[in-house]
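Notes follow once the structure below has been shown.
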There are 2 protein chains.
Amino acid sequence: MDTAALFQQFVAFTTAVHEVTHELTKDVKPDDITPVQYGILEYIAVSQPVTLSQISDCKHISMPNTSRELKKLTEKQLCEKFEVAEDRRKQLIRLTPAGQSMMDNAFQQIGERFKERMKDISPEELASIEEALILLQSKVFYEQ
Amino acid sequence: MDTAALFQQFVAFTTAVHEVTHELTKDVKPDDITPVQYGILEYIAVSQPVTLSQISDCKHISMPNTSRELKKLTEKQLCEKFEVAEDRRKQLIRLTPAGQSMMDNAFQQIGERFKERMKDISPEELASIEEALILLQSKVFYEQ
DNA sequence: CTATTTGGTTATCAAATGATAATAAAATGA
DNA sequence: TCATTTTATTATCATTTGATAACCAAATAG
């Protein structure tokens, strides 16, 4: 198998992943936050506490824009900043209880849809799916 | 292995896929087309010929907005519409030679980055990666 | 101790995107 | 035949997003 053919496969695969992700996450976000804001909250949820520059780097949003969106989220009481002792320039960000429960809710909905999608898969198949995920993540979809 | 644990794995995996996709496709699009327009062209490239409603459905863009963006792309001579005999309401859309070469170029850049990413993988590993892609696509990332 | 770098904010602007209403022609269904 | 549905367009508006400049304070490097 040459890389060219594998590349075809890869393109089709990533398209499918994007489509399924869209399907699973459709409508899980409250109407009063924008898609970019939801993305930020999702990132905070899985990586908290994080700094503003981490969000900026990982979500590919400029510092000024990250700062602006974070301010809105803070005003909506969905996240909060707190000082970090070692470096007084930095500030760590975490979800507030309201933000946490909002995200818990979202993840739960996504989780249920995922479960529904997996409902007819046998335990052996689940095991091989897990293996496949691990393999691809280490060999193809590794970061950096 | 329960679905809850697999779900964790799944979330991390899709995040990694999105990140790597972003990395591979970074800067492949010319500056004079917008991200949404690039997405439309990419879809046309792999599925042509397509109707406007197909683009609208698959890319999750409303008909009026799809029509608007398609008009801009047509004005830029990147794609063109042609009549379909059976149903005179419909119109099929395909890339123009200029659009085709633009997309060929983009895909080639992405392909090279992919190749670079895969360069240290042995033939046996490539085979198991292909298997893993096929498995996941059929069991997890199937459409509908 | 100064110069530079890092981390972050505020303000402002332009462009991209999303949403909606109103329209029209062709196709389909009763 | 008449009503409805499908496919698409145009116009318009509000919001979101991206980009840039100017700024500040703390940290670090020389």
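No experiment lies behind these values; they were computed from the predicted model shown. Computation of the quantities below employed the complete heavy-atom set of this structure, encompassing side-chain atoms and omitting hydrogens, waters and symmetry-equivalent molecules.
Nearer the 5' end of DNA chain D, as judged by each residue's closest nucleotide, is the contact made by B:Ser67, out of B:Ser67 and A:Ile33. Both A:Asp32 and A:Asn65 sit near DNA chain D, but only A:Asp32 has its closest nucleotide nearer the 5' end.
Salt bridge status for B:Glu116 with B:Lys119: present, with a side-chain N to carboxylate O gap under 4.0 Å. A salt bridge between B:Lys72 and B:Glu75 is absent, with no side-chain N of the basic residue lying under 4.0 Å from a carboxylate O of the acidic one.
At least one side-chain nitrogen or oxygen of A:Lys81 sits closer than 4.0 Å to the OP1 or OP2 atom of C:dT9. A sub-4.0 Å separation between OP1 or OP2 of C:dA16 and a side-chain N or O of B:Gln37 is absent. Under 4.0 angstrom from either OP1 or OP2 of C:dG7 there lies no side-chain N or O belonging to A:Gln54. Proximity of A:Ser53 to the phosphate of C:dT6: no side-chain N or O atom is located under 4.0 Å from OP1 or OP2. At D:dT17, one or more side-chain N or O atoms of A:Thr34 fall inside 4.0 Å of OP1 or OP2 (strictly under the cut-off).
Between B:Phe10 and B:Phe141, the ring center distance clears the sub-6.0 Å criterion. Ring-centre distance between B:Tyr38 and B:Tyr43: not below the 6.0 Å cut-off.
For the helix from C:dC1-D:dG30 to C:dA30-D:dT1, the rotation axes defined at the first and last 5 base pairs enclose an angle of 30°, given to the nearest 10°.
Counting non-hydrogen atoms under 4.0 angstrom, B:Thr66 reaches nothing in the nucleic acid.
Between A:Glu75 atom CD and C:dT9 atom C1' there is a gap of 13 Å when expressed in whole angstrom units. Rounded to whole angstrom, the span from the CG atom of B:Asp31 across to the P atom of C:dA14 amounts to 19 Å. Spacing between atom CE of B:Met63 and atom P of D:dT5 amounts to 16 Å, rounded to whole angstrom units. Regarding A:Gln91, its CD atom lies at a distance of 12 Å from the C1' atom of D:dA25, rounded to whole Å. Taking atom NZ of residue B:Lys72 and atom P of nucleotide C:dG18, one finds them 11 Å apart after rounding to whole Å. Put simply, CD1 on B:Ile61 is 14 Å from P on C:dA16, counting in whole angstrom units. Following rounding to the nearest Å, A:Glu69 (CD) and C:dG8 (P) show an atom-to-atom distance of 16 Å. Nucleotide C:dG7 holds its C1' atom 17 Å from the NZ atom of A:Lys71, rounded to whole Å.
Not one N or O on the side chain of B:Thr74 forms a donor-acceptor pair closer than 3.5 Å with the backbone of B:Glu80. Under the 3.5 Å distance criterion, the side-chain polar atoms of A:Glu69 are left unmatched by any main-chain donor or acceptor of A:Val36.
Side-chain atoms of A:Arg68 stay outside donor-acceptor range of the base of C:dG8, with no qualifying N/O pair under 3.5 Å.
Out of C:dG8, C:dT9, C:dT17, the shortest distance to the side chain of B:Pro35 is found at C:dT17.
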A:Glu23/A:Lys26 under salt bridge (charged side-chain N to carboxylate O under 4.0 Å, His left out): CA gap, chis, key distance, verdict: CA-CA 5 Å; A:Glu23 207 57 43; A:Lys26 190 166 60 182; 2.9 Å; yes
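Two different hydrophobic clusters hold B:Val17 and A:Ile134 under the rule that ILVMFWY side chains link at heavy-atom gaps under 4.5 Å.
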